[in-house]
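Reading through the structure tokens given below for one structure.
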Amino acid sequence: MPRSLPSMIGGIVILVLLSSLLRAQDPTIEYRSAVAKLKLRVPENPAERRHLGIQSSSGKITLSQIKSEVILIEVFSMYSLPCQRHAPAANKLHQAIDSREELKDRVRMIGIGMGNSPFEVGVFRDKYSVAFPLFDDRDSSIAELFSGMRTPYYLGLRSRDGAEPEVFFSKPGGFTNTEDFLDSFVKASGIQLGGVQ
Amino acid sequence: MKCRIRAGVLCVLVVVFWAMVAAAADAVKKDVDVGKLKPMDSELKVKVGEQAPDFTLKSITGKSVTLSEFREKNNVVISFIPAAWAAICSDQWPGYNIAKDIFQKNDAVLLGISVDNIPALHAWVTQMDGLWFPVLSDFWPHGAVASKYGVLRSDGIAERAVFIVDKKGKIRFIGLQDINTRPPLEEIVKELEKIK
């Protein structure tokens, strides 16, 4: 066996891993600037408004008006088959956040129905018994901002010292293991568990 | 020296392999994305208030479905879509699929019609985990039903159109949609509620 064979195999393995990592990266554009421009219609449901700490009862809000240290957004579409298939997992994720004492008051999960009217969002909410607040996109302005985005798509935002929330997490597609996903999300957020920062 | 050459060749092969994977993924995207089409390319042959032209078409289950068999029993929502596997079409019927209760509440059945042949439609619907409503093939004579209603385009595909037929067999609503956009579900629901 040639002496250099092990190093050759090692090199190939590294190359394969590197190329896999490159392909695993999100190929879509960054949505950071789009998030800053997001305008969401204030929920009609007072309980949802209270849950999100929204003061106004009508009009539109930006994400900075949601009172939460961390915001987890699932961008979905009522028409999207992958979103329909993923709906039970998204519900489970919301339940997992609520069931963790250290997260339930620090992370708020919302859904945005890209290109969906309030009626369509309502159909999705009823069909899958979604318990977290869902926002509509009646005028498709969000769909325009997120042009090219495939749903479901997860975004994480964190507010620091009252500043505008910043995107720290961006993931296309769903997930299979709720706890693993939540752990990686919390880790990426940088929030300290076991004590408020 | 030989080993270096081999290593070099293998490196090139790895790079080529991933380039091919990327190219294949792009090719799939291109196949699905047909680009922006002329919004409308046909002339309606029916009007609201007229008797809906009857038809019999085979569904992907092999069963024949005739429009007039729903007379006195159900309102009928006929949804023509341009083509199986196209991005917007694959985004339209899954939405109707989770709204079965709404159709039932309004005594309505939904008939999905496409000019694709049965094997293509069957594969597409299977990939969508199945649909609760009949999916009918208007493949041969090609687009005959779409043509009867005046929604067959010059390139052989159908318009994205919705016809609502009441229990008397009369057309109560015609929704002709820009082929590049998805029709809103509530438009159908609103029209069904008017019939009740």
Side-chain angles (χ1 to χ4, degrees), chain A residues 1-25 27-28 76-88 113-130 136-140 143-144 147-151, chain B residues 1-26 28-29 32-33 81 85 87-103 105 124-132 181-190 193:
Chain A
M1 191 167 83
R3 272 183 300 170
S4 56
L5 192 61
S7 56
M8 199 170 85
I9 292 169
I12 291 164
V13 168
I14 289 167
L15 262 173
V16 170
L17 286 173
L18 277 174
S19 52
S20 303
L21 277 172
L22 282 172
R23 285 208 49 81
Q25 275 181 356
T28 54
F76 74 98
S77 168
M78 169 259 186
Y79 290 94
S80 152
L81 189 64
C83 294
Q84 294 175 4
R85 286 176 179 149
H86 182 67
M114 198 167 73
N116 291 172
S117 66
F119 179 86
E120 290 161 343
V121 165
V123 169
F124 192 85
R125 182 189 290 116
D126 294 348
K127 176 73 184 176
Y128 298 106
S129 307
V130 180
D136 70 86
D137 181 24
R138 183 189 282 150
D139 52 10
S140 292
E144 279 168 30
S147 172
M149 180 187 270
R150 303 293 296 173
T151 54
Chain B
M1 184 65 183
K2 269 186 180 174
C3 281
R4 280 188 189 159
I5 292 168
R6 276 186 206 154
V9 169
L10 278 167
C11 290
V12 169
L13 283 175
V14 169
V15 172
V16 168
F17 172 75
W18 284 113
M20 283 169 69
V21 170
D26 286 346
V28 169
K29 278 181 205 160
V32 176
D33 184 7
I81 52 126
W85 300 101
I88 299 168
C89 305
S90 298
D91 221 25
Q92 184 178 341
W93 284 356
Y96 299 169
N97 201 38
I98 63 166
K100 185 181 178 183
D101 296 351
I102 300 172
F103 283 90
K105 206 170 77 185
W124 183 48
V125 172
T126 302
Q127 175 269 337
M128 289 193 276
D129 301 339
L131 297 169
W132 62 268
T181 60
R182 191 182 54 220
L185 176 63
E186 57 256 60
E187 189 174 63
I188 297 173
V189 177
K190 204 172 74 189
E193 283 172 350

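Each chain gets a letter, A, B and so on, in the order the sequences are listed, and its residues count up from 1.
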Atom CH2 in Trp93(B), atom OH in Tyr79(A): separation rounded to 0.5 Å?
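OH of Tyr79(A) is found 14.0 Å from CH2 of Trp93(B).
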
- Rounded to the nearest 0.5 Å, what separation is found between the NZ atom of Lys127(A) and the CD1 atom of Ile102(B)?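 These two atoms lie 10.0 Å from each other.
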
Residue pair Arg85(A) / Asp129(B): nearest heavy atoms and the distance that separates them: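 In this case the closest contact between Arg85(A) and Asp129(B) is NE-OD2, 2.8 Å.
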
Looking only at heavy atoms, which two atoms of Arg182(B) and Ser77(A) are closest? And how far apart?
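Taking every non-hydrogen atom into account, NH1-OG, 4.2 Å.
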
query: With chain A, which of Gly95(B), Ala99(B), Ser90(B) has the greatest number of heavy-atom pairs at distances under 4.5 Å?
result: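 Of the candidates given, the most pairs with chain A belong to Gly95(B).
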
Test your reading of the model: is there a side-chain donor-acceptor pair from Gln84(A) to the backbone of Ile98(B), 3.5 Å cut-off?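 Checked: no pair found.
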
